[in-house]
S.K.: 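So that we are looking at the same thing, I have put the structure below in structure tokens.
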Amino acid sequence: MNRLVIGFKKLPNCLGIPEYATEGASCLDLHAATSENLIIQPFERALVPTGIVLELPNGYEGQIRSRSGLALEYGLTVLNGVGTIDSDYYGELKVILINLGSQTAEVRPGQRIAQLVIVNVTKVELNEVGELKVQGGREDSGFGSTGT
């Protein structure tokens with residue numbers, strides 16, 4: 001198994017460092033760095049600090065993802081689907097949570113609120129062409145074109 005060593009800094013509000021819950025986990029858990037419980041009403045969103053700053057190497061990005069248990073039990077999910085942390089961002093990691101549930105949700109200080117995965121990024125160079133060499137027969141079919 002490959003291990004990439006990434007530097008991080010704990011801010012004064014940090015209540016838990018990112019860690020893998022199990023040996024087979026692919027994401028690090030992120031913790032809420034709040035001084036008191038945060039109440040999120042149905043269909044409201046909140047920007048939740050984590051109390052950490054990452055030092056991502058060039059060529060990598062961090063992706064913030066929802067925790068399945070919070071999504072299932074309380075309707076709490078990461079608003080933008082997957083939050084992107086670019087390698088040149090050196091601010092505190094924050095998570096945009098939205099309550100898609102029908103009841104008020106509560107985020108406690110230090111609670112695990114999201115997951116972080118670090119991925120390699122391939123930079124591409126776009127080359128405008130007159131005709132595409134696309135094969136496969138789907139053309140512009142999508143959005144359910146292969147069935148449900």
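Just so you know, these numbers use all the heavy atoms, side chains as well, and skip hydrogens, waters and symmetry mates. Source: prediction; values computed, not measured.
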S.K.: State which residue, out of Ile6, Ile118, Leu28, fulfils the side chain to side chain contact (heavy atoms under 4.5 Å, CB included) condition with Pro18.
M.R.: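 Per the side chain to side chain contact (heavy atoms under 4.5 Å, CB included) rule, the option paired with Pro18 is Leu28, out of Ile6, Ile118, Leu28.
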S.K.: Measure from the side-chain N and O atoms of Tyr89 to the backbone N and O of Glu92, and report whether any donor-acceptor pair falls under 3.5 Å.
M.R.: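 Checked: pair present.
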S.K.: Ignoring hydrogens and geometry beyond distance, is a side-chain donor-acceptor pair present between Asn99 and Glu44 at under 3.5 Å?
M.R.: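 No donor-acceptor contact under 3.5 Å links the two side chains.
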S.K.: Do you know the tightest heavy-atom contact between Gly62 and Leu116?
M.R.: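 It is CA-CD1, 3.9 Å.
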S.K.: Quick one: does Ile85's side chain get under 4.5 Å of Ile64's, heavy atoms only?
M.R.: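 Of all side-chain heavy-atom pairs linking Ile64 with Ile85, at least one is under 4.5 Å.
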S.K.: Taking the side chain as C-beta and beyond, is there a heavy-atom pair between Tyr60 and Leu4 under 4.5 Å?
M.R.: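 Yes. Closest side-chain heavy atoms under 4.5 Å.
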S.K.: Can you list the steps and then say if Val48 with Ile96 is a side-chain contact (heavy atoms from CB on, under 4.5 Å)?
M.R.: CA-CA 6 Å; Val48 185; Ile96 307 169; over 6 Å; no
S.K.: What's the spacing between Leu72 CG and Thr77 OG1 if we round to 0.5 Å?
M.R.: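 These two atoms lie 11.5 Å from each other.
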S.K.: In this structure, would Ile17 and Leu11 fall into the same cluster of hydrophobic residues linked by side-chain contacts under 4.5 Å?
M.R.: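 Looking at the clustering, Leu11 is in a separate group from Ile17.
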S.K.: Please check if the number of heavy atoms outside Glu55 that lie under 6.0 Å from its CD is greater than 12.
M.R.: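 No, not enclosed.
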S.K.: As an exercise, state the distance from CD of Gln115 to OG of Ser68, rounded to the nearest 0.5 Å.
M.R.: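 The CD atom of Gln115 sits 6.5 Å away from the OG atom of Ser68.
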S.K.: Work out which heavy atom in Pro42 is nearest to a heavy atom in Gly101; give both atom names and the distance.
M.R.: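 In this case the closest contact between Pro42 and Gly101 is CB-O, 3.3 Å.
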S.K.: Is Ile98 linked to Leu76 within one hydrophobic cluster, defined over Ile, Leu, Val, Met, Phe, Trp and Tyr using a side-chain heavy-atom separation of less than 4.5 Å?
M.R.: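 Ile98 does not cluster with Leu76.
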S.K.: Kindly work out whether a path of hydrophobic side-chain contacts (I/L/V/M/F/W/Y, heavy atoms less than 4.5 Å apart) joins Tyr20 to Phe8.
M.R.: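 Same cluster.
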S.K.: Nearest 0.5 angstrom please: Asp86 CG to Leu56 CG, how far?
M.R.: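 Spacing of CG (Asp86) from CG (Leu56) equals 9.0 Å.
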S.K.: Roughly how far, to the nearest 0.5 Å, is the NE2 atom of His31 from the CZ atom of Arg108?
M.R.: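 These two atoms lie 12.0 Å from each other.
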S.K.: Give me the atom names and distance for the closest heavy-atom approach of Ser26 to Val117.
M.R.: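 So the two residues come closest at O-CG2, 3.5 Å.
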S.K.: Can you find a heavy atom in the side chain of Pro109 that is under 4.5 Å from one in the side chain of Leu15?
M.R.: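 They are in side-chain contact.
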S.K.: Rounded to the nearest 0.5 Å, what separation is found between the OH atom of Tyr90 and the NZ atom of Lys9?
M.R.: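 Answer for the OH-NZ pair, Tyr90 versus Lys9, is 13.0 Å.
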S.K.: Between Ile40 and Phe43, is there shared hydrophobic-cluster membership here, with clusters defined by ILVMFWY side-chain heavy atoms closer than 4.5 Å?
M.R.: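 No, because Ile40 and Phe43 fall into different hydrophobic clusters, even though each may have its own neighbours under 4.5 Å.
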S.K.: With a 4.5 Å cut-off on side-chain heavy atoms, are Glu19 and Arg112 touching?
M.R.: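 Arg112 does not reach Glu19 side chain to side chain.
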S.K.: Can you confirm whether Asn120 is buried at CG, in the sense that more than 12 heavy atoms of other residues, nucleotides or ligands lie under 6.0 Å from that atom?
M.R.: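 Check passes, neighbour count above 12.
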S.K.: With a 4.5 Å limit on heavy-atom distance, are the side chains of Leu93 and Val53 in contact?
M.R.: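 No, every pair of side-chain atoms sits at 4.5 Å or beyond.
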S.K.: May I ask you to test the Val95-Leu79 pair for a side-chain heavy-atom distance under 4.5 Å?
M.R.: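 Contact flag for Val95/Leu79 side chains = no.
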S.K.: Quick one: does any side-chain atom of Ser66 pair with a main-chain N or O of Val78 as donor and acceptor, under 3.5 Å?
M.R.: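 Between the backbone of Val78 and the side chain of Ser66 there is a qualifying donor-acceptor contact (under 3.5 Å).
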S.K.: Thr34 versus Pro49: any side-chain heavy-atom pair under 4.5 Å?
M.R.: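 Heavy-atom side-chain distance check passes, below 4.5 Å.
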S.K.: Between atom CG of Leu30 and atom CD1 of Ile52, what is the distance when rounded to the nearest 0.5 Å?
M.R.: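 That separation rounds to 5.5 Å.
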S.K.: Determine whether Gln111 and Leu70 make a side-chain contact, defined as any pair of heavy atoms from C-beta on separated by less than 4.5 Å.
M.R.: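 They are in side-chain contact.
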S.K.: Can you see which heavy atom on Ala33 is nearest to which on Gly51, and at what distance?
M.R.: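 Looking at all heavy atoms of both residues, the closest pair is CB-N, 3.5 Å.
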